[in-house]
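Below, chain A is the first sequence line, B the second, and so on; all start at residue 1. Worth knowing before you read on, the calculation uses all heavy atoms, side chains too, and leaves out hydrogens, waters and symmetry mates.
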Number of protein chains: 2
Amino acid sequence: MKTTKNCITRLYQYREALYRMKTSGCQKVFSNDLAEAIGANSSQVRKDFSLFGISGNKRGGYGIHELMDQLDTLFNKNQMRKIIVVGVGNIGRALMNYESFARELILIEAAFDIDPMKYDREALIPVLPMEELQDYITHNKIKMAIIAVPYFAAQQVFDLMSAAGIRGVVNFSPVSLKTPEDVFVNNVNVQLEIDIVHYFVNALDKKE
Amino acid sequence: MKTTKNCITRLYQYREALYRMKTSGCQKVFSNDLAEAIGANSSQVRKDFSLFGISGNKRGGYGIHELMDQLDTLFNKNQMRKIIVVGVGNIGRALMNYESFARELILIEAAFDIDPMKYDREALIPVLPMEELQDYITHNKIKMAIIAVPYFAAQQVFDLMSAAGIRGVVNFSPVSLKTPEDVFVNNVNVQLEIDIVHYFVNALDKKE
DNA sequence: TGGTTTTTGTGATTTTTTTCACAAAACACC
DNA sequence: GGTGTTTTGTGAAAAAAATCACAAAAACCA
């Protein structure tokens, strides 16, 4: 199966739209509705679904419940997903306190930092010394981590994790990571996201 | 000119790579080096540059200083960029305290919230009541905003801003916004980014 | 100075992604 | 049960993005 990040993102958006539709009482949905909801073409919706063997009913569209179940399964939304945070700065802390994770069964199990002032083994999400990172990962079979350290530390932290067997990383530090083949990395660069908007706003202005 | 978000993202990555190269003392760079740095093809690099009229020297590559200047101009990195934050929760607060913004000349000028407990007109970044949002935008000619409110408030906040003349938005709330033509919106969904990694980690596991 | 090498810039080609378009299935209504 | 309408699922077509490939310019060297 050949799935791109774009495709996965769309599936996520469908799910989001479905959620809204469900809460407003709908029972079934057509590819057309979903397409409109996310600003795409209805064939796109059907193609995306067919990639994952999700099928509807000719003339009847898709059952919202059934469809959401299938998407939930796809995203493993049914099982608790353990994750750790490395770097307890602004972003790290914000993620640790992020309310909606619980609802989506994302569980931040522990956090790590180099600053002894931040250590706190008794907290709801314990903050542990960086020295324990590798042991923690192997011992607790952690597969996923969030990197939220300053840019100069990011690669080093990543290499540690990677060596300890991490399989997926969301990197919030403002540098792209050099990554081995067998670890999936998703770079989320807040500065870049702001600069992109800035760029397009300016570009639009110039056109007018 | 036909520029996509992907293209802009690559330009940003080049800039990042150039920064590293400059600090390690390099003076010039070839399309090949940049391609390797971001995992792309060297023609891609040259195509991207040519789109923006950035040219190098046959056999001599590109001067790092000159190139960075051109990219900085492209991203308006030379002038202070004012922005406001709406929603002083975990994420909003984290962004307000984000150190590297200053270095990149991104200035968060004010923040807004509905919770009176959070108001603070004297703070370095004043936190103002939501009622003042529209006036503030028009009065101070704010062009860009960050939305960091809970999902149920996001669209409403956006519509307010949009009506007040905002031109670009980075939306950190976990819902995609319905947006008018003349406002550029960049959705950054933290949950989605985590779920994407989760998906691909699982997908990789299944393949083995 | 003339030949050799290197690297850009860009048309041509390939690959990927999106959209079109239509047959086949399902339902509704008479 | 037949006829008409709606919507899926998917090959075919179009559009967009990435890669190839090569002429032309520049630097080097002898």
Within residues 15-35 of chain A, find the residues that approach DNA chain D with a heavy atom at under 4.0 Å, and present them sorted by residue number.
A/F30, A/S31
Backbone N/O of B/V45 and side chain of B/R10: donor-acceptor pair under 3.5 Å:
no
Without swapping roles, check the side chain of B/T4 against the backbone of B/C7 for a donor-acceptor pair under 3.5 Å.
yes
Is the shortest heavy-atom distance from the side chain of [X] to the side chain of [Y] under 4.5 Å?
X	Y	result
A/E193	A/V190	no
B/S176	A/I38	no
A/F49	A/L67	yes
B/R20	B/S24	no
B/M161	B/V169	yes

Check nucleotides 12-17 of chain D for protein N or O atoms closer than 3.5 Å to its own N or O atoms and list the pairs.
residue: D/dA12; atom: N6; partner: A/K47; partner atom: NZ; Å: 3.4

Select base, sugar-phosphate, or nothing to describe what [X] touches, counting heavy atoms under 4.0 Å on all strands.
X	result
A/F49	nothing
B/S55	sugar-phosphate
B/S43	base

Between A/M144 and B/V197, is a side-chain contact (heavy atoms from CB on, under 4.5 Å) present by the stated rule, with each step listed?
CA-CA 8 Å; A/M144 287 201 35; B/V197 175; 3.6 Å; yes
To the nearest Å, how far apart are [X] [atom1] and [N] [atom2]?
X	N	atom1	atom2	answer
B/I54	C/dT10	CD1	C1'	16 Å
A/K58	D/dT5	NZ	C1'	15 Å
A/R46	D/dT10	CZ	C1'	9 Å
B/L67	C/dG9	CG	P	11 Å
B/N41	C/dT13	CG	P	17 Å
B/Y62	C/dT6	OH	P	18 Å

Which nucleotide, D/dT8, D/dT10, C/dG9, lies nearest any side-chain atom of A/S50?
D/dT10
Under 3.5 Å for both distances, Watson-Crick or G-U wobble, that's the pair rule; now give the dot-bracket for DNA chain D, with | marking pairs to another strand and [ ] for crossing ones.
||||||||||||||||||||||||||||||
Taken to the nearest 0.5 Å, the spacing of B/I64 CD1 from B/K22 NZ works out to 9.0 Å
d(B/E104 CD, A/Q191 CD) to nearest 0.5 Å is 4.5 Å
Walking DNA chain C from its 5' end, the first of B/G60 and A/G60 to be reached, judged by nearest nucleotide, is B/G60
Phosphate contact (D/dT8 OP1 or OP2) by A/R59 side-chain N/O below 4.0 Å
no
Taking the six-membered ring for Trp and the single ring otherwise, decide whether the centroids of B/Y62 and B/F30 are under 6.0 Å apart.
no
Ring centroid separation for B/Y199 and A/F184, is it under 6.0 angstrom?
no
